[in-house]
Amino acid sequence: MDTKYIFVTGGVVSSLGKGIISSSLACLLKARGLRVTIQKFDPYINIDPGTLNPYEHGECYVTEDGHEADLDLGHYERFTNVHTSRANNVTTGRIYQSVIDKERRGDYLGKTVQIVPHITDEIKRRVKYLGNTGNYDYIITEIGGTVGDIESLPFLEAVRQLRWELGSNSLCVHLTYVPYIAAAKELKTKPTQHSVKALQEVGIQPDILVLRTEKEISPEMRRKIALFCNVAQDSVVQSIDVNSIYKVPLMMHAQHLDEIVLRKTCMPVEGEPQMAPWLAFIDKLEHAEKTVKIGLVGKYVELQDAYKSINEALFHAATYADRKLELVYVHSEKLTEGNVSEKLGDMDGVIIAPGFGQRGIDGKFVALKWCRENDVPTFGICLGMQCMVIEFARNVLGLEDANSTEMNPHTPENVIDLMEEQKNISNMGGTMRLGAYDCRLRAGSKAAEAYGKEFIRERHRHRFEFNNDYRDRFEAAGMACVGENPDAQLVEVVEMPSKRWYIGTQYHPEYSSTVLSPSPIFASFIEAAIDYHDEKATK
């Protein structure tokens, strides 16, 4: 069977949820037994989002093969349970870099290098790369930005050419916005009509329209949109607000989106998608009555997309534990010894968030000291784990000047230090320790108990590490180094066996948590938080 290509474009405004619609469609097709993957083409000129401030672009997601990617790849994995790679996320910067490298090598034999055909040909090559592996029946390609953006034009031109070349093996799903004007008490279709017209002007006729809306769109209004946008009436689907993104695949299937796609790509429509595990998750989500309250201490709390994968990993774990997640964001810059009890006192568990740099770090130390002394279930991730080590060194080992050389390059007690392999690196982009690495867990540790095994692989994104020169002193004082990379002896996991649940991981377990395969260590953390909640309730 030829690989089928689905292009997902957006109009009117950004942040409508192209990633969620792409992921939901992939989820449904995969549940029908088809081999599916998703790729994101981002129009910004950065090579990848690795150097972007979270305020600019939200979370930077990391794939197993060590690529720093758009946060939508996290949605792709969470919805499909399929790993992505560097081939699943391409930016304008990578496209131009590749073309310029070819020009410098003389690959174009002296021809003038132009956007058409050279840039568009490179985009087309990247679009078809995964399809050429023969591993997939459907490749869903999400085009970032909105129709009409200057930055998106080369991608849309490449899509136009591919639609012509691929024929019935391709289709375009266009996501657009139908706003509700409160003063008029009406939904308005004109923005959608203009958006489709802009797409048609670059030579692309959408096959399916997904209408993002806050209010129910009547059949009459859908017929009107179909008429003015040259789209079949049964191919106009609404995406109304729901209380969980994980209900979107069910909402899309109820409107036959997966069947429409199969039919339009000349595939047989047989039976129903096998969604039993997904439905079981949704059932738990809808019937949970009790709550588990988790505090997330970080410096980007006003921008929740900065911790998207952590939020979702906590949500997966809480749902499977039959609990509603109440996630409270605690700004680390505003946390002091004077208010920490007030801010964290009624939490069932505390997450110390990852990040970079000095800002907000003192608040993390305050939170960790309070959590350690009050025996609150605590989970430190990446920089959060490093902060655990620094706080313990200062307040238990008595090393008042203990620090990371990231924060103080001249600290005399460098309990966290730059990795040896990082010391001669000057470029910032794509140069950290990235991707999945092996970790051996100590038998009998809480971490090994959480995973149910002693050998794991998790994803990393860091430059600094635990300084093994201090390892014996930490072990003797009660902080055990229970996980390490077998090749580099890098400490991956620390825990305090004397506490209810006090664990730090150098890696990012949140990246691998999905709806159908929740992270084991997040599940263990939530279980500890629930036990702590129940214990407090009996006092």
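Quick caveat: nothing in here was measured; it's all calculated off a predicted structure.
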**Item:** Under 3.5 Å donor-acceptor, R78 side chain and S23 backbone
**Value:** no
**Complete:** From the list Q39, K40, E142, side chain to side chain donor-acceptor pair (under 3.5 Å) partner of Y76 resolves to E142
**Asked** Does E510 have any salt bridge (charged side-chain N to carboxylate O under 4.0 Å, His left out) partners at least two apart in sequence or in another chain, and if so, which?
**Response** none
**Asked** Charged N to carboxylate O under 4.0 angstrom, K215 versus D241?
**Response** no
**Prompt:** Which ring-ring contact (aromatic ring centres under 6.0 Å, His included) pairs, counting each pair once, include a residue from residues 114-150, with sequence neighbours left out?
**Reply:** Y108-H118
**Message:** One pair to check against salt bridge (charged side-chain N to carboxylate O under 4.0 Å, His left out): D534 and K290. What are the steps and the verdict?
**Reply:** CA-CA 11 Å; D534 293 345; K290 295 181 180 179; 5.5 Å; no
**side chain to side chain donor-acceptor pair (under 3.5 Å) partners for D348, two or more places apart** = H533, K536
**Request:** Check the side chains of E59 and S309 for a donor-acceptor pair under 3.5 angstrom, ignoring hydrogens and angles.
**Result:** yes
**ring-ring contact (aromatic ring centres under 6.0 Å, His included) involving Y532 - partner list, sequence neighbours excluded** = none
**Prompt:** Are T505 and E458 close enough, and set up right, to give a side-chain hydrogen bond (donor to acceptor under 3.5 Å, both in side chains), and what steps lead you there?
**Reply:** CA-CA 10 Å; T505 63; E458 292 279 17; over 6 Å; no
**Item:** Results of salt bridge (charged side-chain N to carboxylate O under 4.0 Å, His left out) for D322 - residues two or more places apart only
**Value:** K284
**Asked** Counting N and O atoms only, with roles assigned by atom type, does the side chain of S239 sit under 3.5 Å from a partner on the main chain of R212, one being a donor and the other an acceptor?
**Response** no
**Asked** Would you say K299's side chain and F356's backbone share a donor-acceptor pair under 3.5 angstrom?
**Response** yes
**Fill in**
Quick note, side chain to side chain donor-acceptor pair (under 3.5 Å) partners involving residues 269-280, not counting sequence neighbours, are H253-E272
**Asked** Under 3.5 Å, is there a donor-acceptor pair linking the side chains of T37 and N88?
**Response** yes
**Request:** Would you please name every residue forming a side chain to side chain donor-acceptor pair (under 3.5 Å) with E201, sequence neighbours left out?
**Result:** none
**Request:** Using salt bridge (charged side-chain N to carboxylate O under 4.0 Å, His left out) as the criterion, point out the one residue from R222, R263, K264 that pairs with D234.
**Result:** R263
**Prompt:** Under the criterion side chain to side chain donor-acceptor pair (under 3.5 Å), which of H508, E68, E77 is the partner of Y61?
**Reply:** E77
**Item:** Qualifying residues under side chain to side chain donor-acceptor pair (under 3.5 Å), relative to N230, sequence neighbours excluded
**Value:** none
**Asked** Between K224 and E220, is there a side-chain N and carboxylate O pair less than 4.0 Å apart?
**Response** no
**Request:** Just jot down the salt bridge (charged side-chain N to carboxylate O under 4.0 Å, His left out) partners of D346, sequence neighbours excluded, or say none.
**Result:** K293
**Item:** Flag for T514-N81: side-chain donor and acceptor within less than 3.5 Å
**Value:** yes
**Asked** Of all residues at least two apart in sequence or in a different chain, which pass the ring-ring contact (aromatic ring centres under 6.0 Å, His included) check with F379?
**Response** W501, F522, F525
**Request:** Mind jotting down which residue pairs meet the ring-ring contact (aromatic ring centres under 6.0 Å, His included) criterion with at least one end in residues 211-246? Sequence neighbours excluded, please.
**Result:** F79-Y246, Y246-F281, Y246-F315, Y246-H316
**N46 side chain to T91 backbone, donor-acceptor under 3.5 Å** = no
**Message:** Donor-acceptor pair, distance only, cut-off 3.5 Å: does the side chain of D137 make one with the backbone of R35?
**Reply:** yes
**Request:** Test side-chain contact (heavy atoms from CB on, under 4.5 Å) on K188 and Y177 and set out the steps.
**Result:** CA-CA 9 Å; K188 293 295 183 181; Y177 185 46; over 6 Å; no
**Prompt:** Does a donor on one side chain sit under 3.5 Å from an acceptor on the other, for E122 and S98?
**Reply:** yes
**Complete:** Here the gap from I6 atom CD1 to L25 atom CG, rounded to the nearest 0.5 Å, amounts to 4.5 Å
**Request:** Just jot down the side chain to side chain donor-acceptor pair (under 3.5 Å) partners of R223, sequence neighbours excluded, or say none.
**Result:** none
**Request:** Using the six-membered ring wherever Trp is involved, compare the ring planes of H460 and Y507 and label them parallel, tilted or perpendicular (cut-offs 30° and 60°).
**Result:** perpendicular
**Asked** Going by distance alone, is a donor N or O of one side chain under 3.5 Å from an acceptor N or O of the other, for H174 and S195?
**Response** yes
**Request:** Decide whether Y44 and D70 meet the rule of one side-chain donor and one side-chain acceptor closer than 3.5 Å.
**Result:** no
